Amino acid sequence: MKHFFIDKYSEVKSPIRNLDARAKIITFFSLILLCVTTPPKALLAFGGYYLILAIMLVISKVPLSFILKRVVIAIPFILMVAAFIPFIGADVGGSYNLWGITLYQRGLLILFNVTVKALFGVAALTLLVSTTPFDELMEGLKKLGVPKVFITIASFMYRYIFVVVDETMRMKRARDSRNFEGRWIWQASAVGHMVATLFLRSYERGERVYSAMLSRGYDGEVKSLSEHPITRKDIIFTLFIISTAVLLNLSYALIKLFIGG
Amino acid sequence: MHHNKAVEIKNLHYKYPDGTSALNGVDVVIEHGETVALLGPNGAGKSTFILHLNGILRGNGEVKILGLPINGRTLKEIRRRVGLVFQDPDDQLFCPNVFEDVAFGPINMGLSKEEIVTKVNKALASVEMEGFEKRPAHHLSFGQKKRVAIASVLSMEPDMLVLDEPTSNLDPRGKGKIIEILGSLPVTKVVITHNLDEATKLCKRAIVMDEGKIVADDAIEKILSNESMLKNHGLF
Ligand SMILES: Nc1ncnc2c1ncn2[C@@H]1O[C@H](COP(=O)(O)OP(=O)(O)O)[C@@H](O)[C@H]1O
Ligand SMILES: [Mg+2]
């Protein structure tokens, strides 16, 4: 069965793809952190962050549409949390009147900020994941000190999620071909049964995978070989992006300082 | 050269925790260098049996593998020297990419980096999967997964290969490829299969199991010419 892989484009050769995973993880997380901590009114800075991302996107050869699709998924979540903010009264700042509904300036600013920052985070992480194969990402996180247990769990999750999805699809198909419509409440038991079966099968698979691991000498610790040295270009890339982002982060304060706003 | 046998099993019984008795007194001797087909209907106990060949399951009875009785001290060596290939390659390939799956055994053997890389390359070459090192398993076709699964034990350079239905669910070309690969490996082999043609191509000897027992053990031509026996055990 065909799946939608989050690291679909991670094998596309590009200068970004070739960077060390650690360099990219640090860079992207710093970018997100700096973006999130930028003052709300620093419009120029936000433009700057998105520009950095856009440039990296072009270099990475990942299609814009791929990133946009992921970003769009995040929008409902953001709206769910933040959409009501502009309607809530605030004593500071002005307000607008729209057909009898009052929108508060301060609330609008917050909504704008939450949206811009959240979307930036999603876009940046999507770009990170689509320029780094999953195994390298895990390797990078491990070298950055993330506990091995988490890495092992995440790796297994990524390895087997497609297998489980396949199994679910097959079961669903078998069920549907016997005219299951899922419309009536008493058919809920069939769904429950499916879920139970899925758990059982996953459990059994777990046992078999563990046997396969034992068969090849597993003794309680997943060891791995790969060692990628950090190269000069990794360091240059990381420092360049982070320092630009730091400047953007501070730009608002700096501008104010110089022109005495 | 070898004084001992590859497999020497006497009166092996095994019951699953739920009470199913899967093996009811199995006696087998396999010589070094033999290739043996293990035939039998579904549920006969074939998979249960081969899990005893590297100590994943430990039933009641006498089990000697490559001259070593299975116990806590010999387990590690037996697992290194017996390569077990599971039926579903998704069980066998659990690492983030092909290289790591094939390197998993050698890494656990504590080899040096150079040795590991050499063994991985050699194993991938013998199943014609060079160049797939960085691929995650879920980006491989089923036939490719089966071949990488075989490579994942070849990299340990086992003295004995044990394969659970290595050609099941493959198209004819994929089957042919696996048979060709297995034929080219000069080690003791135990192969579970439902395909009598393949068994003939690969093996001189066949063992038939049913209901947890060995019901026939002979030269493969003799087994295949005994139609009434094959019919009795749902193989024909
Ligand atoms: N994990 C298990 N728990 C309980 N019973 C099992 C388990 N695995 C297999 N069995 C049972 O043991 C018997 C032999 O199964 P198996 O060795 O898988 O047969 P084969 O590989 O020849 O098809 C069957 O009756 C099967 O249902
Ligand atoms: Mg079986």
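Being a predicted model, the structure only gives us computed values, none of them experimental. Lettering of chains follows the sequences in order, A, B, ..., and the numbering in each one begins at 1.
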Asker: With a 4.5 Å cut-off on side-chain heavy atoms, are A/R159 and B/D90 touching?
Answerer: yes
Asker: Less than 4.5 Å to any heavy atom of chain B: does that hold for the side chain of A/Y210, its backbone, both, or neither?
Answerer: neither
Asker: What orientation do B/F104 and A/Y218 show, parallel under 30°, tilted 30 to 60°, or perpendicular over 60°?
Answerer: parallel
Asker: Please set out all donor-acceptor pairs under 3.5 angstrom arising from side-chain atoms of residues 55-71 of chain B, sequence neighbours excluded.
Answerer:
| residue | atom | partner | partner atom | Å |
| --- | --- | --- | --- | --- |
| B/N71 | OD1 | B/R73 | N | 2.9 |
| B/N71 | OD1 | B/T74 | N | 3.1 |
| B/N71 | OD1 | B/T74 | OG1 | 3.4 |

Asker: Do you know which of B/D88, B/L51, B/L75 has the most heavy-atom pairs under 4.5 Å to chain A?
Answerer: B/D88
Asker: Does B/E211, at its CD atom, have more than 12 non-hydrogen atoms belonging to other residues, nucleotides or ligands within less than 6.0 Å?
Answerer: no
Asker: Taking atom CZ of B/F142 as the centre, does the number of heavy atoms from other residues, nucleotides or ligands within less than 6.0 Å exceed 12?
Answerer: yes
Asker: Is chain A contacted by the side chain of B/S155, its backbone, both, or neither, given a heavy-atom distance below 4.5 Å?
Answerer: neither
Asker: Hey, is NE2 on B/H13 packed in by over 12 heavy atoms from elsewhere, all under 6.0 Å?
Answerer: yes
Asker: B/N108 side chain to A/R216 main-chain N or O, any donor-acceptor pair under 3.5 Å?
Answerer: yes
Asker: Can you tell me how far CD1 of B/I78 sits from OG of A/S215, rounded to the nearest 0.5 angstrom?
Answerer: 12.0 Å
Asker: Check whether more than 12 heavy atoms from other residues, nucleotides or ligands sit under 6.0 Å from atom NZ of B/K10, and answer yes or no.
Answerer: no
Asker: Could you tell me which portion of B/M156 (side chain, backbone, both or neither) has an atom closer than 4.5 angstrom to a non-hydrogen atom of chain A?
Answerer: side chain
Asker: Can B/H138 and A/I161 be said to form a side chain to side chain contact (heavy atoms under 4.5 Å, CB included), step by step?
Answerer: CA-CA 10 Å; B/H138 59 261; A/I161 190 149; over 6 Å; no
Asker: May I ask you to test the B/F86-A/S211 pair for a side-chain heavy-atom distance under 4.5 Å?
Answerer: yes
Asker: Count the heavy atoms belonging to other residues, nucleotides or ligands that lie under 6.0 Å from CZ of A/F156, then report whether that count exceeds 12.
Answerer: yes
Asker: Within the structure provided, determine whether A/D135 and B/K134 are in side-chain contact (heavy-atom separation under 4.5 Å).
Answerer: yes
Asker: Identify which part of A/M213 has an atom lying under 4.5 Å from any heavy atom of chain B, answering side chain, backbone, both or neither.
Answerer: both
Asker: Looking at A/K148, I'd like to know if its NZ atom is crowded, meaning that more than 12 non-hydrogen atoms belonging to other residues, nucleotides or ligands lie closer than 6.0 Å.
Answerer: yes
